[in-house]
Amino acid sequence: MTARRRKGRYRFKRWVKTSAFTVLFLLLVFSSLRLLVSNADFKSFDKVSLQGLSAADRLKLREIEKGDYPKQLVDFLENHMEALDFVYRYPKDKDKNFTITILEELYADEVPLLIQWDQRWGYKKYGDDLIALEGCGPTALSMAALYLTKNPEYTPLNVSQVSYKEGYYASGIGSKWSLMSEGCAHFGLSSKMVPLDKTSMENALNDKKVIIASMGEGDFTKKGHFIVIKGFCEEGFYVNDPVSYKNSEKIWPYEILKGQIKNMWAMSAA
């Protein structure tokens with residue numbers, strides 16, 4: 001065997017040993033992380049909300065529990081784990097002014113999905129709290145206004161500011177129903193109440209209107225919430241939930257929605 005071949009075999013064996021040690025080391029690290037962030041370590045989060053989280057996400061939760069985070073933000077996270085990164089970045093990002101570019105949403109073929117805890121506006125105040133926590137009404141109305149008027153000024157931040165200034169915000173409650181029945185005029189819209197009836201909902205959507213629904217306790221909220229109903233099919237209705245990507249990916253049968261809907265408004269361009 002030539003010296004060159006012997007040298008090559010030696011290098012290959014050394015690479016194999018090094019790789020094996022590296023893999024073993026990484027496995028030990030990940031195992032240690034899982035032990036460090038077991039379910040028992042968390043006081044603010046139940047086992048259900050922790051399901052499926054990676055070790056890295058669990059470390060973020062530990063930092064949130066030990067850090068200087070508002071209690072209402074931690075409570076919000078327990079019910080909306082999708083917002084983990086938004087909540088985690090709160091200390092660093094809460095005072096930043098993010099550029100709000102809305103062109104992609106503005107020219108979407110369907111009602112755009114906007115999320116109230118989006119960093120572009122979620123850290124801003126809406127009444128007593130943050131848009132991320134209380135801004136479902138303005139965010140839902142923003143979706144309808146952007147789609148129906150194509151006016152890029154009608155962002156969740158703008159709608160929240162106008163809503164508060166014009167008295168459509170109630171402390172401890174959030175957005176009043178009058179934001180949908182009257183306040184929509186500030187954003188180039190007119191509204192009409194929709195009766196709780198499947199055919200009436202389908203007719204409004206067939207007329208190219210956007211429905212905003214006030215929801216009671218159930219699949220979407222424990223107290224009160226606004227969602228957008230944007231279309232339907234044989235299986236049910238398509239919704240944009242301003243607090244949840246996951247809910248917005250589902251088809252919701254009328255039989256499930258009807259027991260949770262408190263009121264509805266069909267929005268159209270004025």
Side-chain angles (χ1 to χ4, degrees), residues 26-102 104-105 112-140 142-143 155-161 172 174-175 219-227 240-250:
L26 290 174
L27 287 173
L28 288 172
V29 169
F30 283 121
S31 297
S32 298
L33 285 174
R34 287 189 176 276
L35 289 174
L36 285 172
V37 289
S38 65
N39 289 354
D41 292 332
F42 298 99
K43 297 179 181 179
S44 301
F45 306 98
D46 60 28
K47 292 182 179 180
V48 174
S49 62
L50 296 172
Q51 287 180 356
L53 290 184
S54 66
D57 284 342
R58 287 169 179 254
L59 286 174
K60 290 178 182 178
L61 285 179
R62 288 192 68 182
E63 289 189 41
I64 290 171
E65 281 202 323
K66 295 180 179 181
D68 186 21
Y69 289 82
K71 182 181 183 303
Q72 60 268 36
L73 200 57
V74 177
D75 292 342
F76 172 80
L77 180 59
E78 183 175 359
N79 296 313
H80 306 287
M81 200 56 68
E82 293 175 78
L84 173 59
D85 287 333
F86 171 86
V87 174
Y88 178 70
R89 293 194 301 265
Y90 174 80
K92 295 180 179 179
D93 291 350
K94 63 184 178 67
D95 296 319
K96 292 181 180 179
N97 291 313
F98 290 93
T99 301
I100 299 179
T101 302
I102 212 80
E104 182 178 349
E105 293 91 342
L113 172 60
L114 301 178
I115 297 295
Q116 61 198 67
W117 44 265
D118 188 308
Q119 67 176 11
R120 290 175 289 180
W121 45 74
Y123 298 114
K124 298 300 182 183
K125 293 283 287 185
Y126 179 44
D128 300 330
D129 230 315
L130 305 178
I131 293 177
L133 306 184
E134 297 286 351
C136 57
T139 305
S142 173
M143 290 188 240
T155 65
L157 177 58
N158 172 262
V159 178
S160 296
Q161 291 170 336
S175 302
D219 294 287
F220 297 91
T221 181
K222 291 183 178 180
K223 52 177 185 176
H225 189 48
F226 289 97
I227 66 170
N240 279 357
D241 182 352
V243 81
S244 174
Y245 287 108
K246 292 180 180 179
N247 283 345
S248 303
E249 293 170 354
K250 301 177 183 178

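Please read all numbers here as calculations on a predicted model, not as lab measurements.
Summarising the geometry of L114 relative to M143, their closest heavy-atom pair is O-CE, 3.4 Å, with the distance given to 0.1 Å. Between M81 and L61 the shortest heavy-atom distance is SD-CD2, 4.1 Å. In this structure, Y69 and V74 approach most closely via the heavy-atom pair CB-CG2, 3.9 Å. Residues P242 and T139 approach most closely at CB-CG2, 3.8 Å, considering heavy atoms. Taking both residues in full, the closest heavy atoms of F226 and G137 are given as CD1-CA, 3.5 Å, listed atom of the first, atom of the second, then distance. The minimum heavy-atom distance linking R58 with L53 is given by the pair NE-O, 3.5 Å.
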Pair I64-Y90, side chain to side chain contact (heavy atoms under 4.5 Å, CB included): steps then yes or no: CA-CA 10 Å; I64 290 171; Y90 174 80; over 6 Å; no

From CA spacing to verdict: side chain to side chain contact (heavy atoms under 4.5 Å, CB included), S244, H80: CA-CA 7 Å; S244 174; H80 306 287; 5.5 Å; no

Derivation and outcome, side chain to side chain contact (heavy atoms under 4.5 Å, CB included), residues K124 and L130: CA-CA 6 Å; K124 298 300 182 183; L130 305 178; over 6 Å; no

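The shortest side-chain heavy-atom distance between E134 and D128 does not fall under the 4.5 Å cut-off. Within the 4.5 Å cutoff, the side chain of D57 has no heavy atoms near those of the Y88 side chain. Two residues are said to be in side-chain contact when any heavy atoms from C-beta on lie closer than 4.5 Å; F76 and V243 meet this criterion. At a threshold of 4.5 Å between non-hydrogen side-chain atoms, the residues N247 and D219 do not count as touching.
Here CD1 of I100 is found 7.0 Å from CD1 of I102. Values are rounded to the nearest 0.5 Å. Note that the CG atom of N79 and the NZ atom of K222 stand 4.0 Å from one another [nearest 0.5 Å]. Here OG of S248 is found 4.5 Å from CG of L113. Values are rounded to the nearest 0.5 Å.
Geometrically, K94 does not engage Y123 in a cation-pi contact, judged by NZ or CZ lying under 6.0 Å from the ring centre and within 45° of the ring axis.
Qualifying side chain to side chain contact (heavy atoms under 4.5 Å, CB included) partners for S160, counting only residues two or more places apart in sequence or in other chains: Y126, I131, P138. Judged as a ring-ring contact (aromatic ring centres under 6.0 Å, His included), and not counting sequence neighbours, the contacts of Y245 are W117.
Distance alone, capped at 3.5 Å, places no donor-acceptor pair between the Q116 side chain and the G122 backbone. Judged by distance alone, the side chain of W121 and the main-chain N or O of I115 form a donor-acceptor pair under 3.5 Å. The backbone N or O of E63 lies less than 3.5 Å from no partner atom in the side chain of K60, so there is not a single donor-acceptor pair. R120 places a side-chain N or O within donor-acceptor distance of the main-chain N or O of T101, the cut-off being under 3.5 Å.
In this structure, F220 and H225 have parallel ring planes: the angle between them is below the 30° cut-off, well short of the 60° mark.
A salt bridge between K71 and E65 is absent, with no side-chain N of the basic residue lying under 4.0 Å from a carboxylate O of the acidic one.
Remark: K125 NZ is packed, more than 12 non-hydrogen atoms of other residues, nucleotides or ligands lying under 6.0 Å away.
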